[in-house]
There are 2 protein chains.
Amino acid sequence: MTNLDTNRAFNREAQYAAKRRAVIRSASGAFRRRGYHNTSMVLIAQSLGLSKAALYYYVKSKEEILYECHIMVYDAMDAAVKSVRGQGDTGLGKLQLLYGAFAHLLTRDGLGLLADVDSLKGEFQTTVLKRRGSIERAVTRIVKQGMSDGSIKKADARVTVYFLMGALNWLNVWYEPGGRLSGEHIADAFVTQMSQGIAK
Amino acid sequence: MTNLDTNRAFNREAQYAAKRRAVIRSASGAFRRRGYHNTSMVLIAQSLGLSKAALYYYVKSKEEILYECHIMVYDAMDAAVKSVRGQGDTGLGKLQLLYGAFAHLLTRDGLGLLADVDSLKGEFQTTVLKRRGSIERAVTRIVKQGMSDGSIKKADARVTVYFLMGALNWLNVWYEPGGRLSGEHIADAFVTQMSQGIAK
DNA sequence: AGATTATTCGACCATAAAGTCAATCTATGG
DNA sequence: CCATAGATTGACTTTATGGTCGAATAATCT
């Protein structure tokens, strides 16, 4: 096996992985715009110039696509959580960085939080709920930290977090990529609004 | 035709209307919990102790049920908007009343904002979007009023409103009637958070 | 070039769930 | 107690769509 061989083989795998990702990304957009159940496999296929059958070469089921869409977002969010570790002096400072990062993910980066968790079954649903819970807990932890260090006003942390996450989730419905409002603009506005809402 | 007749006839109609409402209400809850597409007509029927066929005596289609669910919420919200007319001295004061009323609707009163607008077609969808737009415009108007009278900090009113409406919409996902958090509690927290987020 | 493997497709199958309908049961009025 | 209108049903049809499969095509290796 020559070096070229492994390069080729690698290329193959990379090609496959790239196309698989393309399927997920394309579906993700369609799901966000039209909803999971209003998006047929044929439509996803067409938007990629493929036949429906070809899709199943890259993916085991429609549900798996939805699952991967969720995972994609939560991976990005986990990365954001990790990236603010150490940064930001107070809890509020940390939260500002994190919340801004979230807003960027969901606008500039074209990712979309999906609400369709109920369409996932069994293991898929369990995992996704776990991931969502994990994110929420991370945010809650920061909020509580802020309440301890005096940067955030004391209140029910759970409600606070749900309030903030809700605003983010609603982006799916109204944010249009390339529209009047840029991701930066929105992220700024959200961070400001969030900060003032909870700062002490 | 005696007086009794008209009473009876009225009773019939009232009975019919009441049962129809029961169908909508029951479906509304199921839609909120499981999602529109994950809720079959058979399930709705069962939860009312009826057969699926009987449902179609009260309702023309599943889509019509979804439509009515939306309308129910928007009617309630319109009423809330009307009820704060005249009340509240500043824009912020008005908004506090309204936002609290909204939060109450969506918790205590068991109504649920649905995001499934994409599952509605044609006239149905148009109307629902119109109603949603109308509510958003009403809220925007109040926010702008607040920005004029100095009670609300100047910012992009549209983004502000979306932010606030998003937090409300997310209630569907996490609020559980009869759970640890009462509707009152949540409404209070939301109003506080909202106020501080935008007050000058 | 020929063999082998990766990719794609047309045509089909399976099924869940919406929607229909003639027949039945139930209440109301005379 | 019969007649009529209201209410409900079981059994059926229809349809949309997710998913499968063997064959065909394209790419890669020796």
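Just so it is clear: chains get the letters A, B, ... in the order the sequence lines come, proteins before strands, and each one is counted from 1. Only this structure's heavy atoms are used, side chains among them; waters, hydrogens and symmetry mates stay out.
- Here B:R21 does not pair with B:E68 in a salt bridge; the nearest charged N to carboxylate O distance is not below 4.0 Å.
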Check: What is the per-nucleotide protein-contact pattern of nucleotides 11-23 of chain D, from the 5' end, where B denotes a base atom under 4.0 Å from a protein heavy atom, S denotes such proximity for sugar-phosphate atoms only, and - denotes neither?
Finding: -------BBBB--

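- B:H37 and A:S119 share no donor-acceptor pair across their side chains, judged by distance under 3.5 Å alone.
- One can place CG of B:L48 at 15 Å from C1' of D:dT9, the figure rounded to the nearest angstrom.
- Between B:R141 and B:E136, none of the side-chain N atoms (NZ, or NE/NH1/NH2) sits under 4.0 Å from a carboxylate O, so this pair counts as no salt bridge.
- Using a 4.5 Å heavy-atom threshold, the side chains of A:I44 and A:K52 count as separate.
- For B:S51, whose side chain is taken as the heavy atoms from C-beta onward, the closest listed nucleotide among C:dT7, D:dG10, C:dC9 is D:dG10.
- As a whole-Å value, the separation of B:L55 CG from D:dA7 P is 14 Å.
- Taking the ring centroids of B:F190 and B:F102, they lie at or beyond the 6.0 Å cut-off.
- Atom P of nucleotide C:dA17 and atom CD of B:Q46 are separated by 12 Å, given to the nearest angstrom.
- A:Y162 and B:Y175 have their aromatic ring centers separated by at least 6.0 angstrom.
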Under 3.5 Å, which donor-acceptor pairs link side chains of residues 75-86 of chain B to any protein atom two or more places apart or in another chain?
{"from": "B:D75", "atom 1": "OD1", "to": "B:R131", "atom 2": "NH1", "distance (Å)": "3.4"}
{"from": "B:D75", "atom 1": "OD1", "to": "B:R131", "atom 2": "NH2", "distance (Å)": "2.6"}
{"from": "B:D78", "atom 1": "OD2", "to": "B:R131", "atom 2": "NE", "distance (Å)": "3.4"}
{"from": "B:D78", "atom 1": "OD2", "to": "B:R131", "atom 2": "NH2", "distance (Å)": "2.7"}
{"from": "B:S83", "atom 1": "OG", "to": "B:A80", "atom 2": "O", "distance (Å)": "2.9"}

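- In this structure, B:L50 atom CG and D:dG6 atom C1' are separated by 14 Å, rounded to whole Å.
- Looking at heavy atoms from C-beta onward, A:K153 lies in side-chain contact with B:Q196 at the 4.5 angstrom threshold.
- Taking 4.0 angstrom as the limit, B:Y57 places a side-chain polar atom (N or O) nearer than this to OP1 or OP2 of D:dA7.
- In terms of phosphate contacts, A:Y58 brings a side-chain nitrogen or oxygen within less than 4.0 Å of OP1 or OP2 of C:dT8.
- Using five terminal pairs a side, the axes of the helix from C:dA1-D:dT30 to C:dG30-D:dC1 at its two ends make an angle of 10°, given in steps of 10 degrees.
- With rounding to whole Å, A:Q15 atom CD is found 17 Å from D:dA26 atom P.
- For A:E184, the salt bridge (Lys or Arg N to Asp or Glu O under 4.0 Å) test picks out A:R108, with sequence neighbours left out.
- The side-chain heavy atoms of B:F124 and B:E64, taken from C-beta on, include a pair separated by under 4.5 Å.
- Residues from residues 20-31 of chain B that place a heavy atom under 4.0 Å from any atom of DNA chain C: there are none.
- The side-chain hydrogen bond (donor to acceptor under 3.5 Å, both in side chains) contacts involving residues 23-36 of chain A comprise A:S26-A:S47, where partners must be two or more places apart or lie in separate chains.
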